[in-house]
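A short worksheet on the structure shown next.
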Amino acid sequence: MYFRVLLFWFIGGCWASAAWAAPAQQAFTDWQVTCNNQNFCVARNTGQHFGLVMTIGRSAGAHTDASLRIELGGMETPLSKRSAIAPRLLFDGHPLKLTSPRWRIDPLRIMTNDGATVAAFLAQIQDGQAITLNGGQQIISLKGLKAALLFIDDRQKRVGSQTAWISKGNNPPLRVPPAPALKEVVAVNPTPTPLSHEERSSLLDYGNWKMSNIQCSLDPSRREVRIWALTDNKALMAISCEAGAYNTVDLAWLVSRRKPFTSYQVRLRLPFTPGSGETDMELMNAGFDEKNRELTTLAKGRGMADCGIQTRWRFDGQRFSLVRYAEEPNCDNWQGPDAWPTLWITR
């Protein structure tokens, strides 16, 4: 009996942090690490890479799930006439060695999902200066890589473990806590009755009345009222209110579908504190994904949308709850919103 109590205390003490993982995003010289609420961590090089990027991902837990890829790309990089990159990759001026048979080599990308291959490759390069592309200006700076990998070891409680990438020890893999349970936000009334022509017309009239009674800086001629069926008795109404060069701030309300109309304003609050310190979200470039029944926002860091914040929210019957939060602080022409690293995910 004493052994059972002691074992329960030990497992509970080691895995207490698995109940919830605070998201984190941090920069280490030329590397960025993002770890979400599942303690899944992804790291990549940033800065003046000219389209050559290494991305490393690792799941939490005792298993050694990991991935690594080096690819030539970017949002505006013409790729059709590029030569294959594998034979041209240099590590500190010398040909990069890819000795494991578990590498998959494509013309513009090399990648592996084999944990042992990832670990061996990181051990090979972690004290180097750069990976470059022969005949081009592309560069993967390795300054900050080792600190980024140590950060992942620490976040996933691998320090002193056999599974650590940097701070290895003799602790067995089973001492590493598992990923926290994935939260679920259940959609209410996922297939609502579509708005009739009469309903839509009446709600748009109500929206236009609402629009004339709110304080907005956007010119009235540029304001827009949008309506979506949310449930069988509620609609979602959005009105554009403020605008900048590439972002529009919307205001939104939940509105009854029957007269006399009643409404209350939608307010979005994050379940965690992001790097900005602000947990209240503006409805920036808001939309509604009718297929997935989710309210979406996209705050662009600049017009080409290579950086910023993208969120998705699901209505649970009372309020909109966060189902996905992705953020890319680096405006380096690498990837669009759907590929930004996530800090929060749900089922």
Side-chain angles (χ1 to χ4, degrees), residues 185-274 276-303 305 308-325 327 337 344:
V185 178
V186 179
V188 173
N189 199 179
T191 54
T193 304
L195 292 171
S196 66
H197 176 76
E198 181 181 354
E199 278 183 303
R200 183 174 294 278
S201 179
S202 296
L203 284 165
L204 286 172
D205 287 342
Y206 176 72
N208 286 320
W209 172 82
K210 195 88 170 173
M211 185 169 59
S212 65
N213 287 276
I214 57 176
Q215 296 294 320
C216 291
S217 66
L218 190 62
D219 187 279
S221 64
R222 295 179 58 196
R223 298 180 194 175
E224 181 185 6
V225 179
R226 292 170 292 159
I227 303 286
W228 301 277
L230 189 61
T231 69
D232 286 338
N233 55 23
K234 288 185 177 67
L236 174 64
M237 178 177 71
I239 299 176
S240 46
C241 188
E242 317 281 345
Y246 36 80
N247 287 314
T248 298
V249 179
D250 297 286
L251 300 178
W253 288 264
L254 293 178
V255 186
S256 59
R257 291 178 59 167
R258 301 288 183 269
K259 295 181 179 180
F261 294 124
T262 59
S263 64
Y264 63 91
Q265 192 169 351
V266 172
R267 300 191 185 280
L268 303 179
R269 176 161 291 183
L270 298 173
F272 69 97
T273 303
S276 66
E278 297 291 333
T279 56
D280 291 328
M281 292 283 299
E282 287 187 308
L283 280 81
M284 198 84 73
N285 299 315
F288 187 70
D289 181 343
E290 297 192 78
K291 179 180 179 181
N292 294 305
R293 314 301 304 164
E294 292 171 354
L295 172 63
T296 63
T297 71
L298 175 61
K300 301 176 186 178
R302 59 181 185 174
I309 297 171
Q310 183 193 65
T311 68
R312 302 183 74 91
W313 306 75
R314 193 175 298 154
F315 187 63
D316 63 9
Q318 298 295 323
R319 63 187 61 84
F320 281 96
S321 295
L322 182 68
V323 295
R324 185 179 188 272
Y325 178 104
E327 181 172 359
W344 190 272

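Numbering starts at 1 and runs along the sequence shown.
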Closest approach of I214 and M211, non-hydrogen atoms and distance?
CG1-O, 3.4 Å
How close do P192 and D232 get, heavy atom to heavy atom, and via which atoms?
CA-OD1, 3.3 Å
For the atom pair CZ (R314) and CG (N292), what is the distance rounded to the nearest 0.5 Å?
7.5 Å
How long is the gap from CG on L203 to CZ on R226, to the nearest 0.5 Å?
15.0 Å
Residues which pass salt bridge (Lys or Arg N to Asp or Glu O under 4.0 Å) with R258, listed by chain and number, not counting sequence neighbours
E199
Could you walk me through whether L298 and Q310 pass the side-chain contact (heavy atoms from CB on, under 4.5 Å) test, one step at a time?
CA-CA 5 Å; L298 175 61; Q310 183 193 65; 4.1 Å; yes
Looking at CD1 of I309 and CE of M281, how far apart are the two atoms once the value is rounded to the nearest 0.5 Å?
5.5 Å
Working to the nearest 0.5 Å, report the span between CG of L204 and CG of L195.
9.0 Å
Kindly compute the distance separating CG (D250) from OG1 (T297), expressed to the nearest 0.5 Å.
10.0 Å
Can you spot which of W313, F315, W253 makes a ring-ring contact (aromatic ring centres under 6.0 Å, His included) with F320?
F315
Does CD belonging to Q265 count more than 12 external heavy atoms closer than 6.0 Å?
yes
Classify the ring geometry of F272 against Y325: parallel below 30°, tilted from 30° to 60°, perpendicular beyond 60°.
perpendicular
Assess whether atom CZ of R269 is packed by more than 12 heavy atoms of other residues, nucleotides or ligands within 6.0 Å.
no
Could you walk me through whether I227 and V255 pass the side-chain contact (heavy atoms from CB on, under 4.5 Å) test, one step at a time?
CA-CA 9 Å; I227 303 286; V255 186; 5.9 Å; no
Apply side-chain contact (heavy atoms from CB on, under 4.5 Å) to residues L230 and F288 and explain how you reach the verdict.
CA-CA 10 Å; L230 189 61; F288 187 70; 3.9 Å; yes
Given the rule in the side-chain contact (heavy atoms from CB on, under 4.5 Å) test, do L283 and L251 qualify, once you have shown the distances and angles that lead to the verdict?
CA-CA 7 Å; L283 280 81; L251 300 178; over 6 Å; no
Roughly how far, to the nearest 0.5 Å, is the CD atom of E242 from the CZ atom of R223?
8.5 Å
